[in-house]
Number of protein chains: 2
Amino acid sequence: MQTRTPRRRVARAERERQILDAAVTVFSGRGYQNASMDAVAEVVGVTKPVLYSHFGSKEGLLLACVARVRTELLEVTSAAAAAADGPEDMLRRGTLAFFSYLDAQKPSWSLLYTEASVSPAAAAALEEIRAQQTDFIAGLLAAQAPDAAPQRLAGWAHVIVGACERLALWRGSTPDCEPRTSAADATEHLMDLVWTGLAHQRS
Amino acid sequence: MQTRTPRRRVARAERERQILDAAVTVFSGRGYQNASMDAVAEVVGVTKPVLYSHFGSKEGLLLACVARVRTELLEVTSAAAAAADGPEDMLRRGTLAFFSYLDAQKPSWSLLYTEASVSPAAAAALEEIRAQQTDFIAGLLAAQAPDAAPQRLAGWAHVIVGACERLALWRGSTPDCEPRTSAADATEHLMDLVWTGLAHQRS
DNA sequence: CCGGTAACCTACCACGGGTAACTTAGCGGC
DNA sequence: GCCGCTAAGTTACCCGTGGTAGGTTACCGG
């Protein structure tokens, strides 16, 4: 019954975009494990080998999705930090931008933080993102506590990154009832403990 | 050439133990994804259907591993906390016990925090562990800051749990060179920021 | 010594990731 | 306007791995 597929051909870059969009949707929807490549292909309206000609493997496709999210995340947080004056404001604005982005891009968020850990390569990419964040934050901390040992600064930075991630997961997992903690509140919870603690370090 | 397997029969509980041990080894070694059930079976010295008769599915086996780690983790941390006097010491001793356990049981640790997120059920179980930790810590915080809003206490508790987890991952991922941050140092890094920050909250 | 049960194995299915080889849409040259 | 070349797409397939049906045999109680 269905009309004979006219088999429209599409420019390579455009197809790539389509496939990435579909992959984020399907992967975050059913979960990476349960999502078959055929399912992604069907959403795009093509067949499996097309995906493989663009991304090489299922893991490659996931990696491309992660890379895209990484770029967007980096853009949005560094833009926010650039508008700040002083380390504290930088941390606050950057954190707020982080939470806000994850709010706005829920599928991308769940892909990153609940699906990416399946494949070693994607997990490594995620770890790379964290390393980026950690280094950036360690820099802020160094400005505030210039005489702390590097190892200590690194430890603190990891504390902050972990705290952000868990707060994000917490916010994301509140079912539907009980309107979840706002991005602003989450940011303040973090600053409450972390920046206050930093400020009173061996004064 | 190999001797005809005498097909020794083994009591059910004992087999279960053997299988769990093998599963932790194999899963944490090759990664849950790449580890086939046949591989686990081979280590135990039986064939696949035996595993299925005991644990139902690959996911079921993973869940059983996670449950066992959960029990051990709960035991060791609550024992440490019981020996403390006052909330601050409880948090410090509990955290230290947490890091020390993960140090001592590396395969279990990597199974929990790098392999468990593949299956929805295992991820849920891990989330359950976190909820347990969060509730416990929220209680400690409440003792210290009795007039803070519950939502705020919960946020702080998530900050701490996330920080612990990330510190653990950081410590676990330092390759081989550069002797990694000790469990005691990691604990202090956490207390530096978090407890100090808490102590100076709207005094 | 002998029956019964439960632990075990052989042989198989189905599904999904990945690929080889063919087809055809659509653009450039004449 | 027509032709051919290239790259986008397709069909049809392989094989590894999760999962299972049904037969086989070791051990325990009588």
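Because the structure is a prediction, the values reported are computed rather than measured. Note that these values count all heavy atoms, side chains included, but never hydrogens, waters or copies made by symmetry. Lettering follows sequence order; numbering is per chain, from 1.
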Quiz item: Expressed in angstrom and rounded to an integer, what is the separation of B:Gln33 atom CD from C:dG17 atom C1'?
Solution: 12 Å
Quiz item: In whole angstrom, what separates A:Glu16's CD from D:dG9's P?
Solution: 11 Å
Quiz item: Heavy atoms under 4.0 Å, any strand shown: does B:Ala41 hit a base, just sugar-phosphate, or nothing?
Solution: nothing
Quiz item: Taking the nucleotide of DNA chain C with the closest heavy atom to each, which residue, A:Tyr52 or B:Val46, is nearer the 5' end?
Solution: B:Val46
Exercise. Provide, to the nearest angstrom, the distance between the CZ atom belonging to A:Phe55 and the P atom belonging to D:dA8.
Key: 13 Å
Practice problem: Report yes if a donor N or O on one partner sits less than 3.5 Å from an acceptor N or O on the other, where the partners are the side chain of A:Lys48 and the base of C:dG18; otherwise report no. | Solution: yes
Quiz prompt | side-chain N/O B:Arg12 vs C:dA7 OP1/OP2, d < 4.0 Å | solution = yes
Quiz item: Rounded to the nearest 0.5 Å, what separation is found between the CG atom of B:Leu112 and the CG atom of B:Leu102?
Solution: 8.0 Å
Quiz item: D:dC13 C1' sits how many Å from A:Met37 CE, rounded?
Solution: 17 Å
Quiz item: Which of the following nucleotides, D:dT11, D:dA8, D:dG19, is nearest to the side chain of A:Pro49?
Solution: D:dT11
Quiz item: Over how many whole Å does the gap from A:Asn34 atom CG to C:dC15 atom C1' extend?
Solution: 13 Å
Quiz prompt | Value rounded to 0.5 Å, distance of OG1 in A:Thr187 from CG in A:Leu167 | solution = 8.5 Å
Quiz item: Given the rule in the side chain to side chain donor-acceptor pair (under 3.5 Å) test, do B:Tyr101 and B:Glu72 qualify, once you have shown the distances and angles that lead to the verdict?
Solution: CA-CA 9 Å; B:Tyr101 172 81; B:Glu72 293 174 0; 2.6 Å; yes
Practice problem: Look at the side chain of A:Val10 and decide which nucleotide, out of D:dG18, D:dG9, C:dG18, has an atom nearest to it. | Solution: D:dG9
Quiz item: Counting side-chain heavy atoms from C-beta on, which of D:dG18, C:dG26, C:dA7 comes nearest to A:Arg9?
Solution: C:dG26
Practice problem: Nearest-nucleotide wise, let me know which of B:His54 and A:Asp38 is further upstream toward the 5' end of DNA chain C. | Solution: B:His54
Quiz item: Which part of the nucleic acid, if any, lies within contact of A:Ser36, taking any heavy atom under 4.0 Å across all strands shown: a base, the sugar-phosphate backbone alone, or nothing?
Solution: sugar-phosphate
Quiz item: Of the nucleotides C:dG17, C:dA7, C:dC8, which has the atom closest to the B:Val50 side chain?
Solution: C:dC8
Quiz prompt | Rounded distance (Å) that lies between atom C1' of D:dT17 and atom CD of B:Glu59 | solution = 16 Å
Quiz item: Nearest to the side chain of B:Lys58 - C:dA7, C:dC9, D:dG19?
Solution: D:dG19
Exercise. Report the distance from atom CG of A:Leu51 to atom C1' of D:dA8, rounded to the nearest whole Å.
Key: 13 Å
Quiz prompt | CZ (B:Arg30) with more than 12 external heavy atoms under 6.0 Å | solution = no
Quiz item: Taking B:Arg93 as the fixed residue, which of B:Leu96, B:Asp89, B:Thr95 is the one that meets the side-chain contact (heavy atoms from CB on, under 4.5 Å) rule?
Solution: B:Asp89
Quiz item: Looking across every strand, which nucleic acid part, if any, lies under 4.0 Å from A:Ser53 by heavy atom: base, sugar-phosphate, or nothing?
Solution: nothing
Quiz item: Of all the choices, D:dG9, D:dG19, C:dC8, which nucleotide is nearest to the side chain of A:Arg15 once you look at every atom?
Solution: D:dG9
